[in-house]
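Reading through the structure tokens given below for one structure.
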Amino acid sequence: MDISSIVMPVLILGIFAWGLYKKVDILDTFCEGARDNLKTAVELLPTLTLLMLGVGMLRASGALDALTSLAAPLMQKLGFPEECLPLALLRPVSGSGALSILENVLNENGPDSFAGRVASVLMGSTETTFYTVAVYFAATRVKKSRQALPAALAGDLTAFALSALAVRLIFK
Amino acid sequence: MIGYLLSFIILAAVVCSVFGGTAQQVSAAVISSGADAVSLTLTLAGAMAVWGGVMRIAEKSGLTKNLTKVLKPILRFVFRGLDRDSRALGAIAMNVSANLLGLGNAATPLGIEAMKQLEREEKPGERASLNMIKLAVINACSVELIPTTVAALRARAGSASPLDILPCVIIVSVCSLAAALTAAELLEIGDKHGH
């Protein structure tokens, strides 16, 4: 058994124990949080449907395969699985789009394959950059966000480059 | 923007299917995509509900507040030039705590509040201050401790150990955040010399 599979149960045990100690109403509080997140998931569904439609059609048409095989020689030189390129391109732009591509990669290559793991790491360590920067500055009177977007994209690029390297180092 | 992107994707798919002779597969994809989206949402909804419930207990029992206290000294190092009892720093600490725990719903309003507070304290006018840029950058990089959504999708695809990617995710997250913050600092120096 590896350490990462113990993290979740221990964390949950700790939180419940602390909640009991602090006399939190476990049932009501849990349901409140679960209800809020279920609502969010349902609100996500319409966008996700449109994105699944687009990604599904693109994959079925053979265009996605053409793009990946076109980029394959370059990607192989960089040591990056070419199956993950569409994910890396879409990730900063659309969260739901990235989710549907991730699902695609996991199903086609298997979750425990090299490509499946790199896609998972990439997804787990990045955010919808363009959307986030836009939302955060929209609430202020700032008109020039200056280096915010380039700096955040530098972070994305780092994650892009390191995800394959990290998977290779940890899963030999 | 996403609308244009999707229209372009669909256009590309249709053109490719005509020339590649894959019209049949594309039709099938149109029909199944709705069901795929619903079943994906069900998986996500389940994981999100469990995590939302657990984390609400953490919030109510004061764990988030404790985390905020721990984070403040570290954040003071990143967000420089704020007053000792700056309200913005408190708001930033709450935003980062919520992000670490994967409380996306709570993190965004807290972060926007922190952004407004920074604007009040620093009065940057129309050009964003460095601290505002850093706050946006931190939120645009994922700082979630446990990637629950990804784990749920991996479990659904039949992974033997859905969370075995955790060490990789943490390493990559930390490095990309460090790179993004460094880029923000470096570009600030360049900006000052340019003016």
Side-chain angles (χ1 to χ4, degrees), chain A residues 4-5 12 15 18-19 22 24 29-30 32-34 36-38 40-41 45 48-50 52-54 56-58 60-63 94 103 106-107 111-112 117 120-121 123-127 129 132-133 136 139-140 142-148 151-152 154-155 158-159 162-163 166-167 170, chain B residues 2 6 9-10 12-13 16-17 20 22 25-26 29 33-34 36-37 40-41 44-45 48-49 52-54 56-58 60-61 112 115-116 119 126-128 133 136-137 139-142 147 150 153-154 157 159-161 163-169 171-173 175-176 179-180 183-184 187:
Chain A
S4 45
S5 37
I12 289 183
I15 288 171
W18 186 253
K22 287 280 173 182
V24 173
T29 313
F30 184 94
E32 217 176 84
D36 271 6
N37 270 14
L38 280 174
T40 313
L45 183 54
L48 202 57
T49 311
L50 176 60
M52 290 292 272
L53 177 69
M57 284 175 74
L58 198 66
S61 72
S94 160
E103 227 236 335
L106 292 178
N107 288 338
D112 298 326
R117 281 196 172 121
S120 308
V121 173
M123 184 77 189
S125 57
T126 48
E127 258 294 333
T129 307
T132 310
V133 171
Y136 271 69
T140 67
V142 167
K143 292 222 173 70
K144 290 200 173 101
S145 62
R146 302 202 293 146
Q147 73 266 40
T158 311
L162 284 183
S163 53
V167 170
I170 290 186
Chain B
I2 301 293
L6 254 294
I9 285 179
I10 289 175
C16 275
S17 70
T22 48
Q25 286 93 310
V26 172
S33 66
D36 288 347
L40 179 61
T41 305
L44 292 178
M48 284 166 72
V54 172
R56 189 59 60 93
I57 295 174
K60 274 260 169 80
S61 62
I112 288 171
M115 207 68 171
K116 285 186 178 160
E119 190 176 34
E126 290 197 344
R127 289 164 53 82
I133 290 171
V137 163
N139 277 278
C141 293
S142 168
V150 175
L153 285 181
R154 289 173 57 75
S159 170
S161 176
L163 263 180
D164 64 1
I165 50 149
L166 191 60
C168 292
V169 171
I171 295 170
V172 176
S173 294
C175 292
S176 71
L187 289 168

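Each chain gets a letter, A, B and so on, in the order the sequences are listed, and its residues count up from 1.
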**Q.** A:M52 side, atom CE; B:L40 side, atom CG - distance, nearest 0.5 Å
**A.** 5.0 Å
Q) Between CD1 of B:I10 and CG of A:L50, what distance do you get to the nearest 0.5 Å? A) 6.0 Å
Q: Spell out, as yes or no, whether a donor-acceptor pair under 3.5 Å connects the side chain of A:D112 to the backbone of B:A160.
A: yes
Q: Check A:E103 against B:L153 and note the closest heavy-atom contact, atom names and distance.
A: CG-CD2, 4.0 Å
Q | Which of B:S17, B:C16, B:S33, B:C168 touches chain A most, by non-hydrogen pairs under 4.5 Å | A | B:C168
Q: Enter the distance from A:E127:CD to B:N139:CG here, rounded to the nearest 0.5 Å.
A: 8.0 Å
Q: Examine whether an atom of A:K144 lies under 4.5 Å from a heavy atom of chain B, and if so say whether it belongs to the side chain, the backbone or both; otherwise answer neither.
A: both
Q: Please confirm whether the backbone N or O of A:S61 pairs with a side-chain atom of B:T22, one donor and one acceptor, at under 3.5 Å?
A: yes
Q: Examine whether an atom of A:I170 lies under 4.5 Å from a heavy atom of chain B, and if so say whether it belongs to the side chain, the backbone or both; otherwise answer neither.
A: side chain
Q. Between B:A140 and A:V133, which heavy-atom pair has the shortest distance, and what is it?
A. CB-CG2, 4.2 Å
Q. Out of curiosity, A:R117 CZ to B:I165 CD1, how far, rounded to the nearest 0.5 Å?
A. 9.0 Å
Q: Check whether any side-chain N or O of B:Q25 sits under 3.5 Å from a backbone N or O of A:A60 as a donor-acceptor pair, and report yes or no.
A: no
Q.
Is A:V24 close to chain B through its backbone or its side chain, or both, or neither, when contacts mean heavy atoms under 4.5 Å?
A. side chain
Q: Among A:I12, A:V167, A:L53, single out the residue with the greatest number of heavy-atom pairs under 4.5 Å to chain B.
A: A:L53
Q.
Holding to salt bridge (charged side-chain N to carboxylate O under 4.0 Å, His left out), I want the full list of residues that pass it with A:D36, two or more places apart in sequence or in another chain.
A. B:R56
Q: Could you tell me which of B:A29, B:A12, B:P147 has the largest number of non-hydrogen atom pairs under 4.5 Å with chain A?
A: B:A29
(Q) Between B:A179, B:A136, B:C175, B:A157, who has the most heavy-atom pairs with chain A when the cutoff is under 4.5 Å? (A) B:A157
**Q.** Minimal non-hydrogen separation, A:G54 against B:L6, with atom names
**A.** CA-CD1, 3.7 Å
**Q.** Heavy-atom pair with the smallest gap, counting every atom of A:V142 and B:E119
**A.** N-OE2, 3.8 Å
Q.
Please give me the minimum heavy-atom distance between B:A128 and A:S145, naming the atom from each residue.
A. CB-CA, 4.1 Å
Q. Roughly how far, to the nearest 0.5 Å, is the CG atom of A:L45 from the CG atom of B:L44?
A. 10.0 Å
Q) Which answer fits A:T132, side chain, backbone, both or neither, if we ask what part of it has an atom under 4.5 Å from a heavy atom of chain B? A) side chain
Q. How many angstroms lie between atom CG of B:L163 and atom OG of A:S120, to the nearest 0.5 angstrom?
A. 10.5 Å
Q: Show your working on side-chain contact (heavy atoms from CB on, under 4.5 Å) between B:R154 and A:L106 and close with a plain yes or no.
A: CA-CA 7 Å; B:R154 289 173 57 75; A:L106 292 178; 4.2 Å; yes
Q: Under 4.5 Å heavy-atom distance to chain B, tell me which part of A:T126 shows up: side chain, backbone, both or neither.
A: backbone
Q. With sequence neighbours left out, what residues match B:A183 under side-chain contact (heavy atoms from CB on, under 4.5 Å)?
A. A:A151, A:A154
